[in-house]
Amino acid sequence: MSDLHNLSVKALANLLQTKEVSAVEVATRFLARMGGNPHNAFLDIDSEVTLAQARASDAKLTDGTAGPLEGVPVAHKDVFVTQDFATTAGSKILSGYRSPFDATVVQRLRTAGMVTLGKLNCDEFAMGSANENSAYGPVQNPWDTARVPGGSSGGSAAAVAAGLAPAATGTDTGGSIRQPASFCGITGIKPTYGRASRFGLIAYASSLDQAGPMARSAEDCALLLSAMCGADLDRDSTSLDMPSEDFSASLNNSIEGLRIGIPKEFFGEGLHADVRAAVDGALREYEKLGAKLVSISLPRTELSIPVYYIIAPAEASSNLSRFDGVKFGHRAKDYTDLVDMYKKTRAEGFGNEVKRRIMTGAYVLSHGYYDAYYLQAQKIRRMIADDFQNAFKECDVIAGPVAPSVAWKFGENAGDPVADYLADIFTLPASLAGLPGMSVPAGFGAGNMPVGLQLIGNYFKEAQLLNAAHRLQQATDFHLQKPAGV
Ligand code: GLN
């Protein structure tokens, strides 16, 4: 079977359960494709660990104790801690770090039977929109290696698009699942805040961080999401006391009469014409499927940029204080006293973007500025969430672009962090509100680069989002297109 790497998670799971292929064969195929680390997508690969897991899966498939995804490979964004692979969060400060435990999400996917292929490159501590902030070098977009894959889950998106893994985990604080999925032509979903445990997810901005799956199709994302979600009350204080769901159960439901809200603020000046055309095309498909488009307003969309870039750095400045050379990873070699050791370790260990955010965060939280920045931002955050609840009175799901443009070329935004921040405009609102959101391939734009359609649902409506995405994928084949040579 020469095209194993192009099979869906669902197809691989079926072949494994019926023993038409073994987990070792599947793992071997993907490990071979990962050789030489194409696109710089991986940060840690250990074929012995992967093959040992695959052998254990084969034993379970034989003795009847197999999980639903037994033997299907998955790769993890390097912000999830893992016992068997190094974890760096894309930072030099954690170079060579190995966790004594697995993140809950990693553990749950193992329990479902998934075999770990390795750890995926990402922006340092998940701060970025292009994967250009990784201390271990950028990731190339498999559709055009001169372009960025998006970020911060750039390695995850590139690995799936390039057929190096059938699925990957990602995290989304302000768009980091949806935007790279859009840039690399794959499907990704960020569930409602609190659905997936943050235990063992290296914290960036704790009130926003959420884990989710990235794969080729909504059908595959549903399989992974069901395995990933669920209460983890003892280990994550923001985990929801809610069982996971069978997100595959309603994929084929009719979407006749579904009201799709189109926020006018998502279709303004900044939106590139090629992206707009692809998004419009997907919306026309929805109309053919019987959905109704309704015009809505999310009036504070623009404010989501300053609000997010106050709240996220504020939380990051606190979360990242634990990287001080005492407990984890890197420690400076020559220092005079403890404070000097902290300073040198952090100066050497963190990259520029991380330092920029720590400084911004410390500033907005400082005495005298807290009320003017942080408190104001929290108030507007609440209003942004209220705007969504108003909108959901008129519609069931919201649709629009994921990003204003297709993936840009390396260096295009270099030296201009604000350009990257502005490009987050359409993903930040749902993040600030804690709502589920996803990216679904919707066509191609400039340079024949993929364009994603963003779908945003109300709280706990992941099943409805996946249903809407799956119906679109039954009617279109954008998610089945592959970069040349894959
Ligand atoms: N681009 C945003 C940032 O840099 C979002 C990142 C993310 O979701 N992790 O913060």
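All ligand and atom numbering here is 1-based and tracks the order in the structure. Every heavy atom of this structure was used, including side-chain atoms; hydrogens, water molecules and symmetry mates were not. Quick note: residue numbers are just sequence positions, from 1.
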Parallel, tilted or perpendicular, judged at 30° and 60°: which one describes the rings of Tyr97 and Phe328? perpendicular

Gln179 and Ser439: side chain donor to acceptor below 3.5 Å: no

Here the atoms of ligand 1 under 4.0 Å from any heavy atom belonging to Tyr309 are 1 (N), 2 (C), 3 (C), 4 (O), 10 (O)

For ligand 1, is Glu353 a contact, meaning one of its heavy atoms is under 4.0 Å away? no

Residue from Lys77, Lys190, Arg178 passing salt bridge (Lys or Arg N to Asp or Glu O under 4.0 Å) with Asp172: Arg178

Any side-chain heavy atom of Phe392 sitting closer than 4.5 Å to one from Leu435? yes

May I ask whether Gly175 places a heavy atom under 4.0 Å from ligand 1? yes

Please determine if Lys355 and Glu124 form a salt bridge, counting it only when a charged side-chain N lies under 4.0 Å from a carboxylate O. no

For ligand 1, does Ser176 get within less than 4.0 Å through its side chain, its backbone, both, or neither, judged by non-hydrogen atoms? both

Under a 4.0 Å heavy-atom limit, does Tyr421 contact ligand 1 with its side chain, its backbone, both, or neither? neither

Counting neighbours of CG on Asn352 that are heavy atoms of other residues, nucleotides or ligands and sit closer than 6.0 Å, is the number greater than 12? no

Which residue and atom name correspond to the protein heavy atom nearest atom 5 (C) of ligand 1, and how close is it? Tyr308 OH, 3.3 Å

Classify the ring geometry of Tyr374 against Tyr370: parallel below 30°, tilted from 30° to 60°, perpendicular beyond 60°. tilted

Look at the rings of Phe125 and Phe350 and say which category their plane angle falls in: under 30° parallel, 30 to 60° tilted, over 60° perpendicular. perpendicular

For Ala126, take its heavy atoms, then give the atoms of ligand 1 lying under 4.0 Å from any of them. 6 (C), 7 (C), 9 (N)

Atoms of ligand 1, numbered as shown, that sit under 4.0 Å from any heavy atom of Ser129: 1 (N)

Consider every N or O of Arg357 and every N or O of ligand 1, then say whether any pair is closer than 3.5 Å. yes

Taking only non-hydrogen atoms of Gly174 and a 4.0 Å limit, the atoms of ligand 1 in range are 5 (C), 7 (C), 8 (O)

Atom 2 (C) of ligand 1: nearest protein contact (heavy atom, Å): Asp424 OD2, 3.2 Å

Proximal atoms of ligand 1 relative to Thr173 (non-hydrogen, under 4.0 Å): 7 (C), 8 (O), 9 (N)

Check each atom of ligand 1 against the heavy atoms of Tyr204 and keep those under 4.0 Å away; list them by number with element. 3 (C), 9 (N), 10 (O)

Is it true that, when you exclude Arg382 itself, more than 12 heavy atoms of the residues, nucleotides or ligands shown sit nearer than 6.0 Å to its CZ? no

